[in-house]
Amino acid sequence: MVVILGLMAIFLSVVFPMGGIIFGAAVIIFEKKTNILAILGIALGFVGFAMHYIYLPTDDMFRYIAYMNSIQSVNGISEFVSQIYSTTSVSEYGLNGQTWPLSAVLLFIISKTADYRLLSAVTVVLSIFVRLFAIAKVTETDKVDALTIFIRTFGYFSLIFMMTLKLPVSGFRWYVATDIVILLMASDALNKELITIPKLFWSVVAGLFHPAAWVYLGIKVFAAIVSSRNNSFVKRWLPLFAVVALGVVVAFHSSLVGNVLNQFAAYVSGDSFSGTFEWMRKFYVGWFIIVSLMFSRFYLIRQDVSKANLYNVEFNYLLTGLSLPFFLFQRIYPFAWVMLTVVWIFSVVKTKKFTYIDLAVVILTLVIGFTYYWTAPGNFLPPTDLLSYGKMLITPIWR
């Protein structure tokens with residue numbers, strides 16, 4: 001029955017996206033365990049937002065299109081990878097693939113289809129799938145009660161509502177990288193081991209899509225070291241591994257380190273906000289208040305989670321707070337929002353209680369979220385008219 005319901009959600013999303021989204025949502029809200037096919041069905045229902053996307057000159061996709069046009073003449077994948085690290089590597093608007101090789105490979109593959117919208121579609125489906133999957137995993141239960149239904153419904157709605165569909169359809173690198181980090185973070189909430197070989201592998205994969213993922217890997221390694229009082233292996237060998245790995249990167253790929261440092265310097269410069277900072281700052285303060293409430297709720301169950309996981313969430317939260325006065329916050333808070341939402345929901349399900357903190361999170365999220373949508377709808381959805389949005393949800397995705 002689980003498989004049948006999931007396949008029905010996928011079929012409905014293909015022929016009638018809105019129907020697939022609603023049916024799939026009902027399945028994953030009321031089922032005890034995670035229904036991967038139903039989650040995929042919901043994600044597919046949003047493909048229309050990507051397939052109807054027309055990029056603007058100010059979008060990241062404009063640069064990616066130029067890059068893909070320049071690499072179309074490259075014949076095979078091995079030749080493409082070789083040219084990335086050659087002295088004559090393709091470079092468009094500062095993009096040459098050396099600091100994000102897996103993103104470059106994905107662009108190479110998409111360039112052969114001559115349809116950039118496929119890149120947007122893949123990113124949107126992956127991003128929505130990951131967010132819903134993370135919530136589903138941390139809310140698995142033997143009995144679906146009223147609290148589980150409510151917290152799942154709010155979690156699914158808020159993560160899609162706040163995902164800013166405009167960003168994954170135009171700039172895929174950051175979303176693909178952080179999607180991998182989100183999956184790892186959901187796994188961290190359910191398992192005591194923060195550092196394992198598979199988790200390190202996928203963390204590196206994320207870093208090869210976007211350099212920002214290296215920051216989250218660094219936080220995770222630091223959290224593991226700080227919490228490893230009784231773990232001699234982690235305490236002795238992980239710091240050595242981290243130092244050696246950093247030395248290798250600096251020795252053989254110093255441009256990566258320089259790129260990350262230059263981006264960080266740009267994000268914390270005083271003029272990064274241009275003219276947008278004043279009106280956006282009040283929303284940023286609001287988001288930080290919400291994630292602070294989420295973190296405080298998670299901290300209340302600190303005895304029920306591993307110290308490594310607690311430190312990992314805490315250090316990410318502190319980084320988010322320290323970035324608040326700078327443009328860097330704009331880059332960090334979309335990930336911090338998802339991370340804290342998942343651990344907050346995990347906390348509610350773990351304690352089986354809905355407190356005043358949880359009520360404040362729900363109310364503030366709805367008030368600030370709808371106000372932001374009303375104030376700056378262009379920051380959330382790809383630019384088009386309401387009629388087109390309606391057609392995206394009722395027209396079969398192949399059209």
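Keep in mind that the numbers below use all heavy atoms, side chains included, and drop hydrogens, waters and symmetry copies.
- The side-chain hydrogen bond (donor to acceptor under 3.5 Å, both in side chains) check on T351 picks up R297, with sequence neighbours excluded.
- Using bins of under 30°, 30° to 60° and over 60° for the plane-to-plane angle, the ring pair Y67/F80 lands in the perpendicular bin.
- More than 12 non-hydrogen atoms from other residues, nucleotides or ligands lie less than 6.0 angstrom from CZ of F16.
- Every pair passing ring pair (Phe, Tyr, Trp, His ring centres under 6.0 Å) that includes a residue from residues 126-150 is listed here, sequence neighbours excluded: F129-F133, F150-F354.
- Screening V349, T141, L132 for a side chain to side chain contact (heavy atoms under 4.5 Å, CB included) involving R152 leaves a single residue, T141.
- For S127, the side-chain hydrogen bond (donor to acceptor under 3.5 Å, both in side chains) partners two or more places apart in sequence, or in a different chain, are D179.
- Across V138 and A186, no two heavy atoms sit closer than the pair CG1-O, 4.3 Å.
- Smallest separation of non-hydrogen atoms from G155 and I345: CA-CD1, 3.6 Å.
- By the side-chain hydrogen bond (donor to acceptor under 3.5 Å, both in side chains) test, E314 pairs with no residue at all, sequence neighbours left out.
- D145 and T148 share a side-chain donor-acceptor pair at under 3.5 Å.
- For F346 and F298, the distance between ring centers is not under 6.0 angstrom.
- With no hydrogens or angles considered, a side-chain donor-acceptor pair links R173 and Y64 at under 3.5 Å.
- Take Y175 and apply the ring-ring contact (aromatic ring centres under 6.0 Å, His included) test, not counting sequence neighbours, and it matches no residue.
- Smallest separation of non-hydrogen atoms from A213 and V181: CB-CG2, 4.4 Å.
- At least one side-chain heavy atom of N309 sits less than 4.5 Å from a side-chain heavy atom of S306.
- Looking only at distances, a side-chain donor or acceptor of T113 sits under 3.5 Å from a matching main-chain atom of I110.
- Between E31 and L5 the shortest side-chain heavy-atom distance falls below 4.5 Å.
- A donor-acceptor pair is defined here as one N or O able to donate and one able to accept, closer than 3.5 Å; no such pair exists between the side chain of E140 and the backbone of K32.
- For W344 and D358, the side-chain atoms include at least one donor-acceptor pair closer than 3.5 Å.
- Within the 4.5 Å cutoff, the side chain of L310 has heavy atoms near those of the Y299 side chain.
- Residues V47 and P17 have side chains not in contact (no heavy-atom distance under 4.5 Å, counting atoms from C-beta outward).
- For an aromatic pair to be called close, the ring centres must be under 6.0 Å apart, and F209 with F172 fails this.
- Formation of a donor-acceptor pair under 3.5 Å by the N69 side chain with backbone atoms of I65 is found in this model.
- V205 and V122 fall into different hydrophobic clusters, where Ile, Leu, Val, Met, Phe, Trp and Tyr residues are linked whenever their side-chain heavy atoms come under 4.5 Å apart, directly or through other members.
- In plain terms, the two heavy atoms of V338 and M185 that are nearest each other are O-CE, 4.4 Å.
- Counting heavy atoms from C-beta on, the side chains of L300 and S347 never come closer than 4.5 Å.
- When all heavy atoms of G6 and N35 are compared, the pair lying nearest together is CA-OD1, 3.8 Å.
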Stepwise side chain to side chain contact (heavy atoms under 4.5 Å, CB included) check, N316 with V313: CA-CA 5 Å; N316 275 282; V313 175; 5.8 Å; no
Ignoring hydrogens and angles, write down the donor-acceptor pairs under 3.5 Å from the side chains of residues 20-27, residues two or more places apart or on other chains.
none

